[in-house]
Amino acid sequence: IKLLTSTSHMFWRCTSSKSIDLSFFNTSNVSDLKSMFFECFSLTSIDLSSFNTANVTNMSFMFSECSSLKSIDLSSFNTSNVNDMRYMFFECSSLESIDLSSFNTSNVRNMSFMFSNCSSLKSIDLSSFNTSNVNDMSCMLFKCSSLKKENIKINESEKRILDNNS
């Protein structure tokens, strides 16, 4: 299935599905993934390895309130054109670790509340993050009560990620 330019709210409130097969999606034209899985409360894992995200500019709220999501592999994501990642993983309260080391965030302007209330998050790799164009990263790691600073992998130049997030 070749999708149009937006998948915004496509699975919004898909509350009973534990998994969704997206292997047949052609996302090469998609620029907006906003709230695609918003409030998919029962979703425990998702394979997005077939997603082509080269044209995506908006990933805000994409997995917001997926409170049962335990793991997610986004290593194939091309985020070089994304400018909005706010609330992307907000209240993913079962998510324990996430590796975003492949993310290119050089064009992102908003990362506010990106991981806020991910209360089970124990480790996170943000080593590829470039926040030089980010205007708002308020509460980015707010209420990540299981996350300790030593388990946040970041570059030395990105120490501001840790500011105002406790």
Side-chain angles (χ1 to χ4, degrees), residues 1-105 107-108 110-129 137 139-147 151-153:
I1 296 174
K2 189 161 187 167
L3 301 172
L4 300 175
T5 60
S6 179
T7 60
S8 181
H9 296 88
M10 182 176 274
F11 298 103
W12 178 48
R13 291 197 175 148
C14 187
T15 57
S16 59
S17 294
K18 290 187 177 198
S19 65
I20 302 169
D21 181 7
L22 303 169
S23 60
F24 56 91
F25 274 24
N26 179 340
T27 57
S28 59
N29 290 330
V30 175
S31 62
D32 186 4
L33 295 173
K34 180 181 180 180
S35 302
M36 187 173 182
F37 304 101
F38 186 64
E39 294 183 347
C40 291
F41 301 121
S42 298
L43 193 65
T44 58
S45 66
I46 187 164
D47 181 2
L48 301 174
S49 59
S50 64
F51 267 37
N52 177 342
T53 59
N55 292 313
V56 175
T57 59
N58 190 348
M59 290 186 175
S60 66
F61 297 87
M62 189 173 177
F63 307 101
S64 196
E65 297 188 42
C66 291
S67 56
S68 296
L69 188 65
K70 292 184 182 202
S71 65
I72 187 165
D73 182 358
L74 303 176
S75 59
S76 66
F77 270 33
N78 177 344
T79 58
S80 60
N81 289 312
V82 177
N83 59 51
D84 193 349
M85 290 185 173
R86 68 193 147 119
Y87 290 85
M88 189 172 175
F89 303 98
F90 178 74
E91 290 195 10
C92 290
S93 55
S94 295
L95 193 63
E96 291 188 5
S97 69
I98 188 164
D99 183 348
L100 302 178
S101 60
S102 64
F103 270 34
N104 176 345
T105 61
N107 287 312
V108 178
N110 194 337
M111 290 183 175
S112 63
F113 293 87
M114 190 171 174
F115 308 99
S116 187
N117 292 341
C118 291
S119 56
S120 296
L121 192 63
K122 292 179 182 166
S123 67
I124 189 167
D125 188 338
L126 307 175
S127 59
S128 68
F129 274 37
M137 61 171 51
C139 300
M140 185 175 161
L141 297 166
F142 188 66
K143 291 196 176 180
C144 293
S145 54
S146 297
L147 186 62
N151 295 327
I152 303 170
K153 189 173 180 184

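Position 1 is the first residue of the sequence, and the numbers go up from there.
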Is [Y] close to [X] at the side-chain level, that is, under 4.5 Å between some pair of heavy atoms?
X: Thr53; Y: Val30; value: no
X: Asp32; Y: Thr7; value: no
X: Asn26; Y: Asn52; value: no
X: Thr105; Y: Met85; value: yes
X: Ser35; Y: Trp12; value: no

[X]: what forms a side chain to side chain donor-acceptor pair (under 3.5 Å) with it, not counting sequence neighbours?
X: Glu65; value: none
X: Asn104; value: Ser106
X: Ser60; value: Asn58
X: Ser145; value: none

Donor-acceptor pair, [X] side chain versus [Y] backbone, under 3.5 Å?
X: Ser8; Y: Lys34; result: yes
X: Ser17; Y: Ser19; result: no
X: Asn151; Y: Lys153; result: no

Given Asp21, Leu22, Asp73, the one that forms side chain to side chain contact (heavy atoms under 4.5 Å, CB included) with Ile46: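 Between Ile46 and the candidates, side chain to side chain contact (heavy atoms under 4.5 Å, CB included) is satisfied uniquely by Leu22.
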Candidate list Val56, Leu100, Val82, Leu48, test side chain to side chain contact (heavy atoms under 4.5 Å, CB included), partner Phe77, passing option: Leu48
Presence of salt bridge, Arg86 and Asp84, under 4.0 angstrom: yes
Nearest heavy atoms of [X] and [Y], plus distance in Å:
X: Ser50; Y: Ser23; value: OG-CA, 3.7 Å
X: Ile72; Y: Ile98; value: CG2-CD1, 3.9 Å
X: Leu95; Y: Lys70; value: CD1-O, 3.5 Å

All pairs passing side-chain hydrogen bond (donor to acceptor under 3.5 Å, both in side chains) where residues 36-47 contributes a residue, at least two apart: Arg13-Glu39, Asp47-Ser49
Please tabulate, for the side chains in residues 113-121, all donor-acceptor contacts under 3.5 angstrom to protein atoms that are two or more places apart in sequence or on a different chain.
from	atom 1	to	atom 2	distance (Å)
Ser116	OG	Phe142	O	3.2
Asn117	ND2	Glu91	OE2	3.2
Ser120	OG	Ser93	O	2.6

His9 and Phe38 aromatic ring geometry - parallel, tilted or perpendicular at 30°/60° bounds: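 Perpendicular: the ring planes of Phe38 and His9 meet at over 60°.
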